[in-house]
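Contents: one structure, followed by commentary.
This structure is a prediction, so every number in the text was calculated from the model and none was measured. Labels below follow one simple rule: chain letters A, B, ... track the order of the sequence lines, proteins then strands, and each chain is numbered from 1. Just so it is clear, the values below take in all heavy atoms, side chains as well, and ignore hydrogens, waters and symmetry mates.
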Number of protein chains: 2
Amino acid sequence: MSAASTPEPSRRSELLGIAAVLFAERGFKNTTVRDIADAAGILSGSLYHHFDSKESMVDELLDTFQTELWARYDEIEASDRTPKQKLEAVVRASFQAIDEHHSEVAIFQNDAAYLAGFDRFAYLGERNLKFRELWTGLLTAGVASGELRAGLDVELVYRFLRDTVWVAVRWYRPGGALTPADVADQYLTILLEGISQ
Amino acid sequence: MSAASTPEPSRRSELLGIAAVLFAERGFKNTTVRDIADAAGILSGSLYHHFDSKESMVDELLDTFQTELWARYDEIEASDRTPKQKLEAVVRASFQAIDEHHSEVAIFQNDAAYLAGFDRFAYLGERNLKFRELWTGLLTAGVASGELRAGLDVELVYRFLRDTVWVAVRWYRPGGALTPADVADQYLTILLEGISQ
DNA sequence: GTCTATAACTCGATAGAC
DNA sequence: GTCTATCGAGTTATAGAC
């Protein structure tokens with residue numbers, strides 16, 4: 001049912017998945033190539049048949065994830081929705097990403113600041129900037145359209161939004177009682193309506 | 001004006017402060033004892049005249065900070081306020097802590113999960129549990145008293161609250177344009193009233 | 001209180017056999 | 001595709017001189 005076309009799909013991506021889980025659990029720096037090899041049942045030297053370096057593993061993980069995520073964001077931004085509806089859609093897409101790419105989001109959340117210091121991961125900084133423009137643009141448009149409260153400190157709300165969405169990766173567990181749609185619903189209710197009676 | 005009583009107060013706490021900044025900026029694992037010594041203008045071996053190990057440095061930083069923070073929390077909890085007022089006070093005290101102990105909060109936010117795996121840092125897990133009880137207790141009481149919206153998923157709101165407050169350490173800069181009281185005001189408005197028009 | 005010198009160890013990565 | 005064997009760099013920590 002699978003394969004038949006691509007040359008070496010299985011083993012490589014399998015190893016990458018193992019590395020992703022370990023990076024997410026312990027952090028990039030706290031995970032050794034020997035840890036990864038042990039978890040895969042091979043020796044550390046054998047990893048270098050598949051990958052150039054430990055850095056290139058995390059690079060591939062983050063780059064693939066971010067490209068896919070931004071395909072969704074771009075689609076939402078270009079869609080025929082009001083600013084507030086777009087905001088809701090972006091929040092939902094983000095929680096969906098936490099569900100589908102849990103390890104990658106965790107790595108991004110925990111290690112991106114450290115990795116962004118290297119030339120190789122400069123794209124992380126660029127994506128962050130694009131992300132900021134997307135959210136602040138939607139918030140500003142929402143205030144202008146009258147959907148969101150006037151006088152909002154857009155910059156501050158953006159930071160709360162961004163952090164609250166992504167930090168959920170620390171407690172959310174895929175396959176648990178809550179679906180990403182559940183979490184997004186609850187979160188949007190709090191954000192939009194508040195918790196006061 | 002200082003000293004006169006304690007035996008060796010100055011140099012030791014100075015070194016600890018330097019270590020705190022580096023741990024906060026780069027992470028515990030990414031900071032070497034040589035980095036700390038360099039920043040202090042001495043050689044790495046000399047650090048061991050003041051501290052047993054690198055671990056004992058971060059231990060002292062986190063323990064001192066948490067003890068002080070919980071003194072404030074306990075005071076608020078025991079005070080004569082309504083649940084909602086206590087919730088607001090705890091949020092304000094937390095942003096105050098981000099302002100006054102920025103490095104310690106950043107270390108706690110970034111490295112606590114990793115450190116908690118060692119016996120030595122078991123108290124981190126205990127504090128987390130106590131923290132959860134404090135917040136969920138206040139939320140439950142607030143719903144019961146009618147100050148907070150009925151039907152709140154207390155467990156979920158707790159997680160959002162906890163994470164959103166502490167993750168602010170990633171962008172908040174002490175001495176900047178926003179005081180911790182400003183941030184707390186804005187945050188509580190969003191949390192309690194929402195951003196919808 | 002700091003420096004010199006170094007032990008003991010772990011890490012990422014490589015070369016070549018199988 | 002994996003293993004054997006190992007290099008070289010970097011890490012925490014120590015012992016003793018100054």
| request: Assess whether salt bridge (Lys or Arg N to Asp or Glu O under 4.0 Å) is satisfied between B/Lys130 and B/Asp74, documenting all intermediate values. | output: CA-CA 11 Å; B/Lys130 207 181 157 194; B/Asp74 289 339; 3.8 Å; yes

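For residues 82-94 of chain B, every residue pair satisfying the salt bridge (Lys or Arg N to Asp or Glu O under 4.0 Å) rule, not counting sequence neighbours, is listed here: B/Arg92-B/Asp185.
At D/dT2, none of the side-chain N or O atoms of A/His49 fall inside 4.0 Å of OP1 or OP2 (strictly under the cut-off). Taking side-chain N and O atoms only, A/Arg11 has a distance below 4.0 Å to OP1 or OP2 of D/dT2.
Separating the CG atom of B/Asp38 from the P atom of D/dG10 is a distance of 13 Å, rounded to the nearest angstrom. For the pair A/Leu43 CG and C/dC11 P, the interatomic distance rounds to 15 Å; values are reported in whole Å. B/Asn30 has its CG atom 14 Å from the P atom of C/dC11, to the nearest Å. The nearest whole Å value for the distance from the CD1 atom in B/Ile36 to the P atom in D/dT11 is 12 Å. Rounded to an integer number of Å, the gap from B/His50 NE2 to D/dT14 P is 15 Å. At whole-Å resolution of the value, CG in B/Leu22 and P in D/dT11 are 13 Å apart. Distance B/Leu47 CG to C/dC3 C1': 13 Å, rounded to the nearest Å.
Between B/Asp163 and A/Arg170, none of the side-chain N atoms (NZ, or NE/NH1/NH2) sits under 4.0 Å from a carboxylate O, so this pair counts as no salt bridge.
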Close N or O pairs between protein and nucleotides 12-15 of chain C (under 3.5 Å):
from: C/dG12; atom 1: OP1; to: A/Lys54; atom 2: NZ; distance (Å): 2.7
from: C/dG12; atom 1: OP2; to: A/Val33; atom 2: N; distance (Å): 2.9
from: C/dG12; atom 1: N7; to: A/Arg34; atom 2: NH1; distance (Å): 3.3
from: C/dG12; atom 1: O6; to: A/Arg34; atom 2: NH2; distance (Å): 3.2
from: C/dA13; atom 1: OP2; to: A/Tyr48; atom 2: OH; distance (Å): 2.9
from: C/dA13; atom 1: OP2; to: A/Lys54; atom 2: N; distance (Å): 3.0

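No hydrogens or angles considered: nothing links the side chains of B/Thr32 and B/Arg34 as a donor-acceptor pair under 3.5 Å.
Counted within 6.0 Å of CD on B/Glu155, heavy atoms from surrounding residues, nucleotides or ligands total more than 12; the atom is thus considered enclosed.
Legend: residues meeting ring pair (Phe, Tyr, Trp, His ring centres under 6.0 Å) with A/His102, ordered by chain and number and at least two apart, are absent.
Using a 4.0 Å heavy-atom cutoff across all strands shown, B/Ile42 reaches sugar-phosphate atoms only and no base atom.
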